[in-house]
2 protein chains.
Amino acid sequence: MTSCETCVVRNRAICAGLDNNEISALNAIGRRRTVTPGESLIWEDDDSLLVANVIEGVLKLTTSTEDGREQIVGVAYPSDFIGRPFGQTSSASVVALTDARVCVFSRNDFDRFAREHPELEHKLLERTLAELDRTRSWMMLLGRKNASEKIATFLLEMSDRLAEVGCTPAFGPAKRFSLPFSRQQVADVLGLTIETVSRQFTKLKNDGVIELPSRREVEIVDRIGLQALAG
Amino acid sequence: MTSCETCVVRNRAICAGLDNNEISALNAIGRRRTVTPGESLIWEDDDSLLVANVIEGVLKLTTSTEDGREQIVGVAYPSDFIGRPFGQTSSASVVALTDARVCVFSRNDFDRFAREHPELEHKLLERTLAELDRTRSWMMLLGRKNASEKIATFLLEMSDRLAEVGCTPAFGPAKRFSLPFSRQQVADVLGLTIETVSRQFTKLKNDGVIELPSRREVEIVDRIGLQALAG
DNA sequence: CGCGCTTTTTGATATCCGTCAAGGCCGTGG
DNA sequence: CCACGGCCTTGACGGATATCAAAAAGCGCG
């Protein structure tokens with residue numbers, strides 16, 4: 001079995017299901033790249049020139065208004081696919097939150113390869129459908145939840161996603177984890193201000209639901225309580 | 001050219017690109033159905049048993065919290081695809097807003113057919129990617145826009161989408177159109193309350209930006225002004 | 001250790017929007 | 001024609017969250 005250098009992370013990669021020749025061909029058109037926190041890979045409204053697979057690290061997908069308000073519309077973890085295949089422009093910017101390794105493809109090359117490999121397109125479709133589900137459930141949060149419900153939901157989701165992606169030693173949701181987000185970025189995910197985020201974190205700590213060992217570290221002390229708050 | 005009875009609406013249908021035999025086969029597994037306003041086709045969190053193509057009419061996709069708060073996470077127009085292929089459960093309910101005609105498929109049948117017809121899967125992928133783009137730009141609205149920006153953005157989007165779908169005689173954005181939404185449903189799209197929606201409509205009318213000939217009718221008087229408000 | 005910078009927290013105040021309540025509009029049916 | 005019921009509008013009020021401001025906490029670095 002030829003290993004897929006471009007995208008393999010456990011068995012969630014888009015190349016799962018391709019045969020050896022196909023994997024070699026995909027390797028041939030991909031190029032590894034590293035990005036550092038704050039560095040952009042893709043710009044909103046720019047021509048969609050490249051797509052990529054995340055190998056390691058966490059990146060944010062954002063949209064902004066002209067007057068500088070920002071909304072984080074998605075978060076990409078290892079094995080996630082980023083960029084806009086089969087489209088002229090990207091609808092979101094992609095910026096690294098941590099040091100990250102990705103495998104980038106020219107969009108044209110990738111589109112052509114995908115069209116010739118239905119199994120890959122199918123994987124891409126499954127992921128896109130799953131991402132759409134996740135995005136829709138986030139709309140519920142943005143439109144209908146209050147600040148404390150938003151924070152509780154966010155912490156539970158982070159705990160699940162970071163565990164899933166292997167950022168914690170054992171499986172299952174992580175009790176303690178390191179946030180890849182600053183307070184401002186948490187606010188940009190939840191549609192809140194940094195002050196409201198800070199106050200809600202403090203409240204959860206005072207109520208004994210979480211511990212905050214350092215700025216980026218979170219420990220979930222009372223998961224049941226947090227789930228009740230998330231609604 | 002065999003006509004695709006299941007889904008053809010202009011050239012946006014998912015079966016565009018299939019050959020005659022394929023279209024016949026697709027026709028064979030689909031079944032036409034009508035739904036009336038308020039009637040559900042798909043229930044949130046239920047097993048994903050069917051998918052469908054909208055032939056005529058408008059439907060809403062919603063998610064709800066246990067305590068009854070509702071968020072409309074998408075709107076399906078003619079030629080749109082609804083339901084969750086390749087997944088165990090649906091993440092949203094689908095309910096008709098107007099009288100609608102749809103072509104339903106058993107999800108199993110459709111999944112099998114799609115996997116055997118890469119061209120169809122490709123179309124589905126393109127639509128899903130486009131829907132994800134639209135959904136993400138709606139997250140910006142929910143998280144970061146205020147009530148008047150939300151309403152302005154909503155009216156402009158409605159005007160575009162209804163025109164696109166052929167609900168108005170001429171092409172281009174519709175100057176005047178009939179909302180398929182009640183005030184409560186507009187509120188559920190925008191993450192507002194019915195009272196706030198009503199007040200914003202009244203304000204736009206008083207400012208001479210729109211006319212409201214009847215409860216469901218909207219006429220855009222000052223599109224430029226509306227665009228400025230949308231931000 | 002102290003200095004300067006950024007990020008976060010905390011406090012005071014303002015404001016937008018939600019909530020509650022009443023009244024108006026309009027289609028439907030007696 | 002009037003009465004009814006659903007939907008919409010309007011008003012008064014309060015509260016959650018934004019805004020503005022300043023202090024505190026980290027953190028790198030000399």
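Letters A, B, ... mirror the listed sequences (proteins, then strands); counts begin at 1.
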Open item on the list: Strictly below 4.0 Å, N to O, side chains only: are A/R176 and A/E217 in salt-bridge contact?
Closed with: yes

Open item on the list: For A/T98, give me all partners under side chain to side chain contact (heavy atoms under 4.5 Å, CB included), at least two apart in sequence or on another chain.
Closed with: A/V58, A/P180

Task: Contacting residues from residues 209-218 of chain B, given that a heavy atom lies under 4.0 angstrom of DNA chain C - done: B/R215

TODO: Output yes when A/K175 and A/E219 qualify as a salt bridge under the 4.0 Å nitrogen-oxygen rule, no when they do not.
DONE: yes

Open item on the list: Using 0.5 Å steps for rounding, measure from the CD1 atom of A/I55 to the SG atom of A/C103.
Closed with: 5.5 Å

Open item on the list: How would you summarise protein contacts on nucleotides 10-18 of chain D per nucleotide, using B for base, S for sugar-phosphate only and - for none, with heavy-atom distances below 4.0 Å?
Closed with: BBB----SS

TODO: For B/I194, enumerate each residue passing the side chain to side chain contact (heavy atoms under 4.5 Å, CB included) test, keeping only those at least two apart in sequence or located in another chain.
DONE: B/R183, B/Q184

Could you pull out all donor-acceptor pairs under 3.5 Å where a side-chain atom in residues 44-52 of chain A meets a protein atom, sequence neighbours excluded?
| residue | atom | partner | partner atom | Å |
| --- | --- | --- | --- | --- |
| A/E44 | OE1 | A/S64 | N | 3.1 |
| A/S48 | OG | A/R84 | O | 2.8 |
| A/S48 | OG | A/R107 | NE | 3.4 |

Open item on the list: Regarding A/E131 and A/R134, does a basic nitrogen lie under 4.0 Å from an acidic carboxylate oxygen?
Closed with: yes

Task: Ion pair A/K205/A/D207, N-O distance below 4.0 Å - done: no

Open item on the list: Reading DNA chain C in the 5' to 3' direction, which nucleotide is the first one with an atom under 4.0 Å from a heavy atom of chain B, and which is the last?
Closed with: C/dC17 to C/dC25

Task: A/E39 and A/T36 side chains, donor-acceptor separation under 3.5 Å - done: yes

TODO: For the residue pair B/V54 and B/Y77, establish whether any side-chain heavy-atom pair is separated by less than 4.5 Å.
DONE: no

